[in-house]
Every structure is written in C-alpha cells, then in structure tokens.
There are 2 protein chains.
Amino acid sequence: MSRTESSNTTRTLAEAQDRFIAAWGQMGSAWGISRTMAEAHALLYIVGEPLNTDDVMDRLQISRGNASMSLRALVEWGLVSREHKRGDRKEYFRAEADVWTMLRTIVRERIKREVDPVLASLYDIRDMTAPARVGDIPVECAQALTDHNDRLDSMVDTIDSLHKLAERFTEGDGKKLRQAAKALSKIV
Amino acid sequence: MSRTESSNTTRTLAEAQDRFIAAWGQMGSAWGISRTMAEAHALLYIVGEPLNTDDVMDRLQISRGNASMSLRALVEWGLVSREHKRGDRKEYFRAEADVWTMLRTIVRERIKREVDPVLASLYDIRDMTAPARVGDIPVECAQALTDHNDRLDSMVDTIDSLHKLAERFTEGDGKKLRQAAKALSKIV
DNA sequence: TTTTATTTTCAGAAAGTTCTGAAACCATTG
DNA sequence: CAATGGTTTCAGAACTTTCTGAAAATAAAA
C-alpha cells in the first residue's frame, strides 16, 4: 500500500528521482537550455555527490559525446564544477549551484536575449510616433493615433514592469524569492 | 540625422513596427508559441484595426496555410477574435487581448505543463525519503540523508515560491503587475 | 617512448518543429 | 444548380535542434 497518497505509481526512490529528473529536463527545455543539460544538472543536484561522465551516461542513457558536451556547458554556465578523486583518473562533476541559481542564470540570459530587443523596438516606435501627438493632423486620424499611442504605452509599461521584476528577482537569492512571494501575497 | 538616439537604423514607422514584430516573434517562440503565431498577434496588436488573412500573409510573408493555422490558434487561445465587415466576404481578425493578457495566457499554460510535474515529483521524493529521518540508520548514512533532505526542501521551497508567485501574477491584470513591481522594489 | 585510460570534437544521423502549396471544403451569389 | 471567393487541411518539404559514435586529442602510467 502507498504510504502517502503520492500522485504517481512511484515505488522506489530511484524511480521517484528519475521522474523528477525527467520533469526538470522538460522544464529546462521549455526554458531554453537543452533537455539533457537540465537533466544532468537535476541528476547531479539530487544525488548530491559528484558523478563522473560514465555515471551520467548510464543513468541518463545518453552517448559519451552528449554527456561531455552537456557537462561542459553546465560548467561554463557556472552551475557545475569539476572535481578530482585521489587514485581515480576520471573527472567528477558536482552540482555547484542550487535550483534557484540555475533558474536565475537561465532567466538572466533570456532577458538579455529576448526581452531587451522587444523593449528597444517599442521605445523606437514610440519615439517615431511621438511627434504626431503635437502636430496638427486631420481629425479622423487623431483618434487612431491616440489609440495607437495608448496601446504602445500600455505595452511598454507591461514589458518594462516584467523586465524590472525579473531583474529584481534574479539579483536576489532563494531566501529573497520566498520573502518576496510572501510579501506579494499581501499586496496583490 | 536621427531625431532621437534610437538604438537601430530604423527610418520609417513600418520598419520600426517590423522590428517589433520580429522581436516579439522571437520572444514568443522562446516562450513556447510558434514564432509566426506571436508575430501575427504582434502585427494585429500594433496596427490596432482588424486585418484579413491576406493582409497578414503579405505583411508577414507567409503562406496561406500558415496564416490560417496561426490565426486559428490565436483565436483558440482567446487572444484574437474573428470579425466581419459589411460587404466584404473576407474574415477579419482583431487582437482582442493586450500584451499582458497574452503573456498571462502563455504563462498559465506553461505552469500547468511544466512546473506542476516538477513540484509533484519533488513532493513524491520527499514523501519517500521522509521516514529515513526517524528510522535508526547507520551513522555514516545519517549526514548524507540529512543533506539530501535539506537539498530537497530548499528545492521544493524555491519551485513552490516561484509557482505561487507566477500564479498570483497571472490572476491580476496589467495594472496589478505594475503595482506589484513598484511595491516589490521597496521590499526586496 | 609506448601503452593505456579518459575526454573532446565534430560530421552526419535522428528527431522535432514549422512552413508551404495544392487540393478539398464551405458558403454565398448569380 | 454551377460558379466564384474564401478558408481549412494536411502530406511532405525545409529548417532547427539535439544526439551519436568514432576518430582525434590529451594526459597519466609503465
């Protein structure tokens, strides 16, 4: 019998871990890092102790090349560190960062790559249409332009707020995140 | 000479709009809806008035099939509505939702699909390892297990906070978002 | 130095996603 | 009803991303 009303038919710890690894991998790929990379990080984080390339290959059922590349990428992102064991020529990898740091790292990168250009282009359009507000234009155009400007402004505001919010979060640590979540539940 | 120190070499409004559409499309695809779909929404939103399939095809340089599918998907997501014009047999599409609604819709969907499974699997693991806390186990294992549980707890906390935060945001409207962003800047 | 263990690299394979275009479909008009 | 204008569908094309596996590189051991 199930000890708790656990949502799935998970029997062993390893199975539960695998399910987590899979779910985290799924989420990682949704957030723009490759599934394998996210899975490798999840594995290293959940087992807690350093694993070598073969361990990762075996557990994740992936090729050597893929394991090598993914682990290297994780090291480059600063989410995993290399480690050596006495009397063992293999290289070991340890999850350096916690989940929040990983999330933060990814989100930061994303903001730079995706949100910034959107904001820049919005500011651009706003700059270009701004003079229309003061110039004397046919009456039938005036309303359309006002609408356009309003829409633009609301857009800029939204993206801007989101941007600032995300930046603020990614500055803090996990504790701050929880603190903020709590505070927000009272405000909003 | 440039009227403002606009970040790009944009000359006309149409160009600026195109740049925005492209940026928004980029971002959309990063958030899990197809680039074309995001571009179509951006186009409809920025022009403000309803466009027909051909307008969208022309402006976005896409095939009829693609336009039809993308627009239909937008309608299904509730982000765009169909509209008819008297004396015109063509069907028109109008951006119904503002940017915040679109973002919210996407984020909601994502949470359900990606964050929920992660949380579920975490709770699962926690449930399975919980009895180890009270059972009498070899001393050398105790520390490892405590570490494991700590790591797990911190993970659950982080994802949980994030989840709650996202849900809270997606409940409110754009005004609430801005309000929250402002409030948060004082707290965190 | 040669041998052996391990890691990295990268061309192409596999898988996944998005797009096209032509045919089928639907609705209105003559 | 047939013709016309418009929309949807979907098989396969094109493109993108990710993965493999074997060869090349590196490093330690003999």
Side-chain angles (χ1 to χ4, degrees), chain A residues 21-22 24-43 50-77 80-94 106 109-110 113-114, chain B residues 21-22 24-43 50-77 80-94 106 109-110 113-114:
Chain A
I21 291 169
W24 189 252
Q26 189 63 33
M27 189 160 139
S29 75
W31 278 83
I33 72 169
S34 91
R35 189 168 46 75
T36 305
M37 210 174 131
E39 285 188 350
H41 182 258
L43 171 59
L51 300 181
N52 63 40
T53 308
D54 292 86
D55 295 335
V56 175
M57 284 169 63
D58 291 351
R59 185 82 187 257
L60 260 43
Q61 299 274 48
I62 57 172
S63 72
R64 187 169 297 283
N66 195 6
S68 173
M69 305 249 269
S70 299
L71 288 169
R72 185 154 69 89
L74 283 172
V75 171
E76 270 164 15
W77 280 58
V80 158
S81 64
R82 290 172 195 275
E83 210 159 288
H84 287 277
K85 277 197 168 135
R86 305 213 165 283
D88 191 340
R89 281 170 63 178
K90 284 201 180 69
E91 204 155 23
Y92 284 75
F93 298 88
R94 177 196 290 278
I106 299 170
E109 188 64 21
R110 289 237 128 174
R113 283 215 317 262
E114 266 107 37
Chain B
I21 290 169
W24 189 251
Q26 187 64 31
M27 189 161 140
S29 75
W31 279 83
I33 72 168
S34 91
R35 188 167 48 74
T36 306
M37 211 173 130
E39 285 187 350
H41 182 257
L43 170 60
L51 300 181
N52 62 40
T53 308
D54 292 85
D55 294 335
V56 175
M57 284 170 61
D58 290 350
R59 185 81 187 258
L60 259 40
Q61 298 275 49
I62 57 173
S63 72
R64 186 168 300 282
N66 194 6
S68 172
M69 304 247 270
S70 300
L71 288 169
R72 186 154 70 90
L74 283 172
V75 171
E76 270 164 16
W77 281 57
V80 158
S81 64
R82 291 173 194 276
E83 210 158 289
H84 287 277
K85 278 199 167 137
R86 307 217 162 279
D88 190 340
R89 281 170 63 180
K90 283 202 181 68
E91 205 153 23
Y92 284 74
F93 298 88
R94 177 196 292 277
I106 299 171
E109 188 62 20
R110 289 237 126 174
R113 282 214 320 259
E114 267 107 37

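Each chain gets a letter, A, B and so on, in the order the sequences are listed, and its residues count up from 1.
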Counting primed atoms plus P, OP1 and OP2 as sugar-phosphate and everything else as base, spell out the protein contacts along nucleotides 14-26 of chain C at 4.0 Å heavy-atom distance: B, S or - for each nucleotide, 5' to 3'. ----SSBB-----
Output the rounded distance in Å from CG (A:Leu51) to C1' (C:dT7). 17 Å
In whole angstrom, give the distance that lies between atom CG of A:Leu71 and atom C1' of C:dT6. 14 Å
Length of the CD-P vector between A:Glu83 and C:dT6, whole Å: 17 Å
Gap between atom CD of B:Glu39 and atom CG of B:Leu60 - 0.5 Å precision: 5.0 Å
With A:Gln61 via side chain to side chain donor-acceptor pair (under 3.5 Å) - residues at least two apart: none
Any residue meeting side chain to side chain donor-acceptor pair (under 3.5 Å) with A:Asp58, in chain and number order, not counting sequence neighbours: none
With each end axis built from five pairs of C1' atoms, what bend angle do you get for the helix from C:dT1-D:dA30 to C:dG30-D:dC1? Round to 10°. 10°
Using whole Å, what does the distance between atom P of nucleotide D:dG5 and atom CG of B:Asn52 come to? 15 Å
Is there a side-chain polar atom (N or O) of B:Arg82 under 4.0 Å from OP1 or OP2 of D:dT7? no
Whole angstrom is fine here: how far is it from CG in A:Leu74 over to P in D:dT18? 14 Å
What one-letter contact string describes nucleotides 25-30 of chain D from 5' to 3', where B marks a base within less than 4.0 Å of any protein heavy atom, S marks contact via sugar-phosphate atoms alone, and - marks no contact? --BBS-
Within this structure, what is the CG-to-P distance between B:Asp55 and D:dG6, rounded to whole angstrom? 12 Å
Those residues at least two apart in sequence (or on a different chain) that pass side chain to side chain contact (heavy atoms under 4.5 Å, CB included) with B:Glu114 are A:Gln26, A:Met27, A:Ala30, B:Arg110
By side chain to side chain contact (heavy atoms under 4.5 Å, CB included), B:Ser68 pairs with (sequence neighbours left out) none
According to side chain to side chain contact (heavy atoms under 4.5 Å, CB included), who are the partners of B:Arg89, at least two apart in sequence or on a separate chain? none
For A:Met69, all residues meeting side chain to side chain contact (heavy atoms under 4.5 Å, CB included), sequence neighbours excluded: none
Please identify each residue that fulfils side chain to side chain donor-acceptor pair (under 3.5 Å) with A:Glu83, with sequence neighbours left out. A:Arg94
Considering all heavy atoms, the nearest A:Ala38-A:Gly28 contact: CB-CA, 3.8 Å
Electrostatic pair A:Lys90-A:Asp55, nearest N-O below 4.0 angstrom: no
Sorted by chain and residue number, the side chain to side chain donor-acceptor pair (under 3.5 Å) partners of B:Ser63 (sequence neighbours excluded) come out as none
How many whole angstroms separate atom OH of B:Tyr92 from atom C1' of D:dG5? 13 Å
